[in-house]
Amino acid sequence: MKPLDLALAELLAFATTLAPAESLSTFDADGRVLAQDLLSALDVPAHDNSSMDGYAVRCADWQGADTLLPVSQRIPAGSSGHALAGASVARIFTGAPMPPGADAVVMQEDCEVVEGGIRIAAQPRCGQWIRRRGEDVAAGSVVLQRGTRLSPASLGLAASIGFDRLQVAPRVRVALFSTGDELVMPGDVAPADMKPGAIYNSNRFFLKALLQRLGCTVTDLGIVPDRLEATIDALKGASQQHDLILTSGGVSVGEEDHIKPAVQALGTLNLWQIAIKPGKPFAYGKIGAAHFIGLPGNPVSSFVTFLLLVRPFILQLQGANSLAPESIALRADFDWPKADKRREFLRVRLNVAGRLELFANQSSGVLTSAVWGDGLVDNPAGQTIAHGDTVRFIPFSSLLS
Ligand code: AMP
Ligand code: MG
């Protein structure tokens, strides 16, 4: 059994970035990975401008609270003024460029409008309420780097420097199937009619959703029966036209587990079993040009191994430069008195005290733990945990986007 870090490094070494990049409207690029550096051709903002509705002034013109300053021009957003006439102010609105000669803005709430101009009670501070040219983005700088996973805010930033289209990594084409003769699709059989031993296929639902969140196009190949020939046929078919084949179940060592011999019959098996809990069964191989990843059947094992291994693999196929989230140091509000030989990923929830609570049942079959939880505690092999200990926490929010 491989330690996780080693297995992940080996796995990532197989994940060559896919090509060619595609050009997308910036509107459609949320969640995709940028395949170019975005260089800004301009300063943002392009001019010093007002951050308030008010009056642009020259501070030296203020001679005390009774100074009367006439309004010599009006500058709405979208227009530009001209040099500020001596001993006057410019009416100015948020976002409008500062007129040359003005060195502060007084917000309108702090001005008294009187016959012939305005009065300002308090002395203006030089530079106040001015947004400086280039304070957001400097011309010539790389605003977003190749490999950045685009977020809504980054789309806005790209647009702010004039990009209406972006080069992004292609979608990863994934063939997904579940193995297991016990599996039944919800909708096909009503709960009251489920035969003894039958279970609903839950993995298929979260795996598909997880893949879609990573921008993959998913071909759902359904449920493959627990027979070697059927497994070989399914894998062979899926290896055409897909970058990755992802399966769940059948990857252990029982007689009903056919994934390993099927992959070996068609291609190579490069990785096998990882020293984590949940999730020991895990397989990586290649079938023709397609990558193959076999996840465990137990739902929580499947879920956790996806987040820890498949997610970074898929991000790397897209050339992303940030693959695995950093864990956060937090205190445990629970005891975990029995250490395990394997590194464990416990389902926990953040409480109002900012500490972590443990879901009572950590069985790899109990999917409720993953819904109840806010994330995982990454607990090293051989480690017990007592109330108040500092542990490493990985929030689901950073793993599910
Ligand atoms: P396996 O890895 O095939 O030995 O399966 C391990 C456990 O996970 C068994 O209890 C299976 O019934 C269960 N399991 C396998 N595939 C799924 C699935 N797609 N949805 C829910 N449970 C599954
Ligand atoms: Mg099975």
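Only this structure's heavy atoms are used, side chains among them; waters, hydrogens and symmetry mates stay out. As the structure lists them, so they are numbered: ligands from 1, and atoms in each ligand from 1. Bear in mind the structure is a predicted one, so any value in this text is a computation, not a measurement.
- Among protein heavy atoms, the minimum distance from atom 7 (C) of ligand 1 is reached at Asn298 OD1, 3.4 Å.
- Here is the list of ligand 1 atoms found below 4.0 Å of a heavy atom in Tyr200: 20 (N), 21 (C).
- Comment: Arg58 does not engage Asp103 in a salt bridge, judged by the lack of any side-chain N to carboxylate O separation of less than 4.0 angstrom.
- Closest to atom 18 (C) of ligand 1 by heavy atom, among Asn203, Val184, Leu207, is Asn203.
- Not a single heavy atom of Pro281 sits under 4.0 Å from any atom of ligand 1.
- For the pair Gly180 and ligand 1, no heavy-atom separation below 4.0 Å is found.
- Remark: minimum distance from atom 4 (O) of ligand 1 to any protein heavy atom is reached at Asp257 OD1, 3.8 Å.
- Here the side chains of Leu38 and Gln36 are in contact, with some heavy-atom distance below 4.5 Å.
- No close placement of the Phe93 and Tyr55 rings is indicated, their centers lying 6.0 Å or farther apart.
- For the side-chain hydrogen bond (donor to acceptor under 3.5 Å, both in side chains) with Asp48, the qualifying choice from Arg131, Arg133, Arg132 is Arg132, the only one to do so.
- Remark: ligand 1 atoms within the under-4.0 Å shell around heavy atoms of Gly250 are 1 (P), 2 (O), 3 (O).
- Of all protein heavy atoms, the one lying nearest to atom 20 (N) of ligand 1 is Ser202 N, 3.1 Å.
- Summary of contacts: the protein heavy atom closest to atom 22 (N) of ligand 1 is Ile199 CD1, 3.3 Å.
- Between Phe313 and Phe14, the distance from one ring center to the other does not fall under 6.0 angstrom.
- For the pair Arg311 and Phe306, the cation-pi criterion (under 6.0 Å, within 45° of the ring axis) is not fulfilled.
- Distance from atom 12 (O) of ligand 1 to its nearest protein heavy atom, with residue and atom name: Glu182 OE2, 2.5 Å.
- Closest protein heavy atom to atom 19 (N) of ligand 1: Asn201 OD1, 2.8 Å.
- Among all protein heavy atoms, the one lying closest to atom 5 (O) of ligand 1 is Gly297 CA, 3.7 Å.
- No salt bridge links Arg171 with Glu22; every basic N to acidic carboxylate O contact stays at or beyond 4.0 Å.
- Looking at Arg355 and Asp333, a side-chain N of the basic residue comes within less than 4.0 Å of a carboxylate O on the acidic one, giving a salt bridge.
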